[in-house]
Amino acid sequence: MVVRRVGRVKRRATSTTVRATLLVVAALTADTAVWGDVHTRQDDAYRRMIGWTSRHLPPDALVAVTEETPTLLLPRTVKGTWSSRGDLARHRADYLLLSDTQLIAQGSAAISPGLLATVETRGRPVHSELGPTNGALRLYDVRGLTAALTCPSATRPSNDAPTTAPERPG
C-alpha cells in the first residue's frame with residue numbers, strides 16, 4: 001500500500017514540474033517574440049516628419065502639440081491641452097501636430113473632442129506620416145482657424161524658450 005502512494009506522489013510531482021516548465025517556456029517564447037517585434041521593426045515616422053517640417057515650414061512657425069515626444073524633436077513647439085481655437089490663438093500656433101494614438105481614440109488626448117472635430121473638418125491638412133507605433137502623425141495648418149482670434153498681446157516663444165502648457169484663464 002505504501003509503495004502505491006509513493007508512486008502516485010512521484011507521478012503527481014513530475015506532472016506538476018512538467019506543466020510548470022512548459023508554462024515558463026511558453027511565457028519566455030512569447031516575451032522573446034514581443035521583444036523581437038519591438039526592437040526589429042522600423043518606426044521612423046517622427047524622423048520623416050522632422051525632415052518634412054524642416055524643408056517646408058517657415059523657420060519661425062510654431063507647432064502646437066498634444067504630447068511630449070514632438071517637443072524633444074521639433075525646434076518650435078508648444079505643448080498643451082487644447083480645448084478651443086482660442087487656446088491655439090493665445091499661443092499663436094501656426095500648426096497642430098496630432099498623433100493617432102489610443103488616447104485620441106479613447107477621447108483622453110490633450111485636445112477636446114470639439115476642437116479635434118473642428119481641426120479635422122475645417123483645418124488644412126498639410127502633411128501626414130504613417131508609423132506602426134503612433135499610427136499617422138498628422139500636421140494641420142490652423143492659421144485659418146485662429147486668425148480672427150489672435151490676441152495682439154500674445155507672445156510667441158523664442159527658439160530658446162521652454163515649451164509650456166497653456167495657462168487657463170482664471
Does any part of the side chain of [Y], heavy atoms only, come nearer than 4.5 Å to the side chain of [X], both counted from C-beta?
X	Y	value
Tyr46	Ser99	yes
Leu137	Leu98	no
Lys79	Glu68	yes
Leu97	Thr77	no
Val119	Leu145	yes

Next item on the list: Under the side chain to side chain contact (heavy atoms under 4.5 Å, CB included) rule, collect the residues that match up with Ser54, sequence neighbours excluded.
Entry: none
Notebook entry, point to check: Which residues satisfy the side chain to side chain contact (heavy atoms under 4.5 Å, CB included) test with Leu130, sequence neighbours excluded?
Noted result: Ala136
Next item on the list: Please identify each residue that fulfils side chain to side chain donor-acceptor pair (under 3.5 Å) with Arg48, with sequence neighbours left out.
Entry: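 Counting only residues at least two positions away or on another chain, Arg48 forms a side chain to side chain donor-acceptor pair (under 3.5 Å) with Asp44, Glu129.
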Item checked: By side chain to side chain donor-acceptor pair (under 3.5 Å) - contacts of Arg85 (at least two apart) -> none
Of the non-hydrogen atoms in [X] and [Y], which two are nearest, and what is the gap between them?
X	Y	answer
Trp82	Asp87	CZ3-O, 3.5 Å
Val126	Asp141	CG2-N, 3.4 Å
Ser84	Arg90	OG-NH2, 4.3 Å
Leu115	Ser83	CB-O, 4.0 Å
Ala64	Ala93	CB-CB, 3.8 Å

Next item on the list: With rounding to the nearest 0.5 Å, note down the distance linking CZ in Arg55 to NE2 in His127.
Entry: 7.5 Å
Checklist line | Identified side chain to side chain contact (heavy atoms under 4.5 Å, CB included) partner of Val63 from the options Asp94, Leu96, Leu57, Val142 | finding: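 Single side chain to side chain contact (heavy atoms under 4.5 Å, CB included) partner of Val63 among Asp94, Leu96, Leu57, Val142: Leu57.
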Notebook entry, point to check: Would Tyr95 end up clustered with Met49 when hydrophobic side chains under 4.5 Å apart are linked, directly or stepwise?
Noted result: yes
